[in-house]
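Source: prediction; values computed, not measured.
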Amino acid sequence: MAEASGTYIPGHKAAHIKHHAAAYLLPALDEMRREKRQVQLLDAGAGPGTISASFAERIPDGHVTVTDISDDVLSKARDHGRSLGLANMSFQTANILQLPFPDAHFDVTHVHQVLCHLPDPIPAIAEMLRVTRPGGIVAIHEGDLEMWSIWPESKVLKMWHDMVLKIHNTHGGSTQAGRRLLTWALAAGVKRQSIAVSSATYCYSAPDEKEMWRKIPGV
């Protein structure tokens with residue numbers, strides 16, 4: 001999550017990240033694990049490493065390489081992996097635009113909420129393709145900030161959402177990353193028949209989830 005800017009603001013709680021998982025990838029990962037026990041997976045721009053650790057648990061005979069552009073964030077991911085007793089993880093500072101790995105090195109390359117921070121995500125996709133072996137999987141999960149729906153309507157939350165969009169665009173990111181993924185992948189040279197597209201909707205309605213959004217700093 002810090003891949004583009006090198007800056008990471010900690011403070012995500014369980015309610016913030018409960019939906020931030022790679023469930024869409026797990027069936028394919030399980031199938032790959034049955035065919036090849038020692039799956040090599042790269043989680044690029046991994047942030048605090050919670051998803052990385054879930055992958056490591058999923059492929060106990062494989063290996064997860066975790067990268068982020070921030071040393072501080074990477075240390076948090078390392079601490080998280082150690083707290084779970086996971087020995088099949090390694091950590092390396094790296095920029096997704098210049099991954100320090102040879103061609104066709106990984107079976108799976110994964111990013112979560114990284115491309116949305118890049119002014120031009122297409123070179124990043126090309127780099128992910130480069131380090132993934134033929135027949136492997138490049139998995140990308142991005143949100144679409146413009147598709148948020150708030151009810152009951154709230155003037156304060158509307159102001160905050162508008163501010164989020166403006167800040168994101170000002171820093172060169174994309175507030176429409178989710179809807180643009182297919183176009184980006186095609187521009188990076190992926191054949192349409194090789195692309196599987198899916199979508200998910202996250203709903204925050206329980207009291208603890210709504211409380212998370214009520215306490216917005218600076219509003």
K158/D162 salt bridge by N-O under 4.0 Å criterion: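 Judged by the 4.0 Å cut-off on N to carboxylate O distance, D162 and K158 do form a salt bridge.
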Atom pair OG1 (T109) and CD1 (I140), whose distance is rounded to the nearest 0.5 Å: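 CD1 of I140 is found 9.5 Å from OG1 of T109.
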N/O donor-acceptor pair under 3.5 Å between [X] side chain and [Y] backbone:
X: Q113; Y: G143; answer: yes
X: Q98; Y: N95; answer: no
X: Q176; Y: E146; answer: no

Validation row: V39, V64 side chains within 4.5 angstrom (heavy atoms):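 No, too far: nothing below the 4.5 Å cut-off.
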Listed partners of D79 passing side chain to side chain donor-acceptor pair (under 3.5 Å), at least two apart: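 Scan of D79 (side chain to side chain donor-acceptor pair (under 3.5 Å), adjacent residues dropped) gives none.
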Only distances under 3.5 Å count here; give the side-chain donor-acceptor pairs of residues 191-199 to other protein atoms, sequence neighbours excluded, each with its distance to 0.1 Å.
from, atom 1, to, atom 2, distance (Å)
R192, NH1, I195, O, 3.0

Pair H110-D43, side-chain donor/acceptor within less than 3.5 Å: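 Their side chains do contain a donor-acceptor pair, which is all the 3.5 Å distance test asks for.
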Residue pairs passing the side-chain hydrogen bond (donor to acceptor under 3.5 Å, both in side chains) test where at least one lies in residues 25-38, sequence neighbours excluded: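 Every side-chain hydrogen bond (donor to acceptor under 3.5 Å, both in side chains) pair that includes a residue of residues 25-38, provided the two are not neighbours, is D30-R58, K36-D107, R37-D61.
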Not counting sequence neighbours, which residues clear side-chain contact (heavy atoms from CB on, under 4.5 Å) with [X]? List them please.
X: E57; result: L84, L86
X: A188; result: I122, I125, L129
X: E127; result: L99, R130

Centroid-centroid distance, H168 to H117, less than 6.0 Å: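 Aromatic pair counts; centres sit under 6.0 Å.
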